[in-house]
Amino acid sequence: MSYPPPSMSSGSRSSRRTMEFGRTYVVRPKGRHQATIVWLHGLGDNGSSWSQVLDSLPLPNIKWICPTAPTRPVTLLGGFSCTAWFNVGELSEDGPDDWENLDASAAHIANLLSTEPADVKVGIGGFSMGAATALYSAVCWALGKYGNGYPYPVNLRAVASLSGWLPASRSLRSKIEGSSEAARRAAFLPILLYHGTCDDLVPYNYGERSARCLTSVGFRYLTFKSFDGIGHYTVPREMGDLSNWITARLGLEGSRS
């Protein structure tokens, strides 16, 4: 079953504009299909590059779905158009954030996961802006709804963020703090945040603050790990640790060496 992407109720021109998502790349499991993870690329990238990286990981029981974000003008880049899960002007606890397109991207991800078999565990991960979108999806799952109030339909089992941040963390924190049910749900979702200490694009302190914010509102099953000397990119050691974390949290079998 698929779900319509949420839309904001305002009558602005931007809210009526529909962004088309790009091509989706799928990496099929090499062993018994136990889990499906949607992996989200960073700003200006596409699903293809990450599908190749994920295909090389020792995780034969995972199906990877790697969508491509819509091409849109990005304020942070002076209005230059590139693939982006949402528009961003600055990294800030207060925003202003593009709630409409955060919701649309979160709904697109949920649609990709909604047709998976009932016995398959599902999760979301990403890098940079993709990681930010994954963390936003985690908050939607805890709240049981998107930012605009539409129900969040997927039962997430794990969320991973590499070099990312939690968009509008102050606002999202207030929403969870106002719901005892959201805090209760948050306690059961494993979340991983990895961040390089020398990241010059999404500074390390944003990852650290995001981890603190999520923990403070009830995401107790959270792991935050720093990688000394690493910038805004991934390294084999980080991907190896990610593989181990996913295997343990999702209870996967048959990882290959």
Side-chain angles (χ1 to χ4, degrees), residues 1-2 21-42 45-69 83 85 105-106 108-135 137-138 141 153-164 188-196 219 221-227 230 232-257:
M1 180 178 182
S2 63
F21 289 86
R23 180 177 173 183
T24 296
Y25 299 81
V26 177
V27 179
R28 302 290 176 184
K30 299 173 178 63
R32 185 166 73 91
H33 184 195
Q34 293 181 281
T36 296
I37 297 177
V38 171
W39 191 270
L40 308 172
H41 62 75
D45 202 354
N46 59 64
S48 175
S49 58
W50 273 101
S51 69
Q52 297 172 50
V53 172
L54 298 168
D55 190 32
S56 69
L57 296 182
L59 296 168
N61 305 111
I62 292 183
K63 172 184 174 182
W64 298 95
I65 301 177
C66 304
T68 299
T83 52
W85 299 108
S105 290
H108 181 68
I109 297 160
N111 277 339
L112 292 172
L113 292 171
S114 66
T115 56
E116 292 302 295
D119 62 340
V120 169
K121 300 170 183 176
V122 299
I124 305 172
F127 174 78
S128 191
M129 178 179 272
T133 308
L135 293 177
S137 295
W141 177 85
V154 177
N155 183 24
L156 295 181
R157 300 295 296 271
V159 171
S161 163
L162 306 184
S163 305
F188 293 96
L189 180 64
I191 296 183
L192 174 73
L193 288 91
Y194 285 168
H195 218 108
F219 287 96
Y221 208 1
L222 183 147
T223 300
F224 178 78
K225 183 175 181 178
S226 60
F227 284 81
I230 301 302
H232 197 66
Y233 49 84
T234 62
V235 293
R237 178 164 56 94
E238 182 180 22
M239 299 307 293
D241 284 2
L242 171 67
S243 297
N244 292 336
W245 183 86
I246 291 174
T247 298
R249 294 298 174 266
L250 296 183
L252 303 181
E253 66 183 30
S255 60
R256 65 180 188 268
S257 59

Can you confirm whether [X] sits close enough to [Y] that some side-chain heavy atom of one is under 4.5 Å from a side-chain heavy atom of the other?
X	Y	value
Leu250	Arg157	yes
Val38	Pro67	yes
Leu112	Thr36	no
Trp141	Val154	no

For [X], what residues pass the ring pair (Phe, Tyr, Trp, His ring centres under 6.0 Å) criterion, not counting sequence neighbours?
X	answer
His195	none
Tyr194	Phe227
Trp50	Trp39, Phe127
Tyr25	none

Main-chain N/O of Arg23 paired with Thr68 side-chain donor or acceptor, under 3.5 Å:
yes
Is a donor on one side and an acceptor on the other found under 3.5 Å between the side chain of Thr115 and the backbone of Asn111?
no
Verdict with supporting geometry, Leu135 and Ile191, side-chain contact (heavy atoms from CB on, under 4.5 Å)
CA-CA 8 Å; Leu135 293 177; Ile191 296 183; 3.9 Å; yes
How far does [atom1] of [X] sit from [atom2] of [Y], to the nearest 0.5 angstrom?
X	Y	atom1	atom2	answer
Leu242	Leu57	CG	CG	7.0 Å
Lys121	Leu113	NZ	CG	15.0 Å
Leu222	Leu189	CG	CG	9.0 Å
Asp55	Trp64	CG	CH2	10.5 Å
Thr24	Asn46	OG1	CG	11.0 Å
Ile37	Cys66	CD1	SG	10.0 Å

Quick one: list whatever passes side chain to side chain donor-acceptor pair (under 3.5 Å) with Asp45, sequence neighbours left out.
Ser49
Who passes side chain to side chain donor-acceptor pair (under 3.5 Å) against Arg28, sequence neighbours left out?
none
Show every side-chain hydrogen bond (donor to acceptor under 3.5 Å, both in side chains) that has at least one partner inside residues 232-243, sequence neighbours left out.
Ser128-His232, Asp199-His232, Lys225-Asp241
Kindly write out the residues that satisfy side chain to side chain contact (heavy atoms under 4.5 Å, CB included) with Ala132, not counting sequence neighbours, or none if the list is empty.
Phe86, Trp165, Pro167
Listed by chain and number, what are the side chain to side chain contact (heavy atoms under 4.5 Å, CB included) partners of Arg249, not counting sequence neighbours?
Pro190, Tyr221, Thr223, Trp245
Specify the closest pair of heavy atoms between [X] and [Y], including all atoms of both residues, with the distance to one decimal.
X	Y	result
Thr83	Ala69	CG2-O, 3.6 Å
Ser161	Ala131	OG-CB, 3.3 Å
Trp85	His41	NE1-O, 2.9 Å
Ala134	Leu40	N-CD1, 4.0 Å
Ala35	Leu252	CB-CD2, 4.0 Å
Gly123	Leu156	CA-CD2, 4.4 Å

Applying salt bridge (Lys or Arg N to Asp or Glu O under 4.0 Å) to Lys63 and not counting sequence neighbours gives Glu116
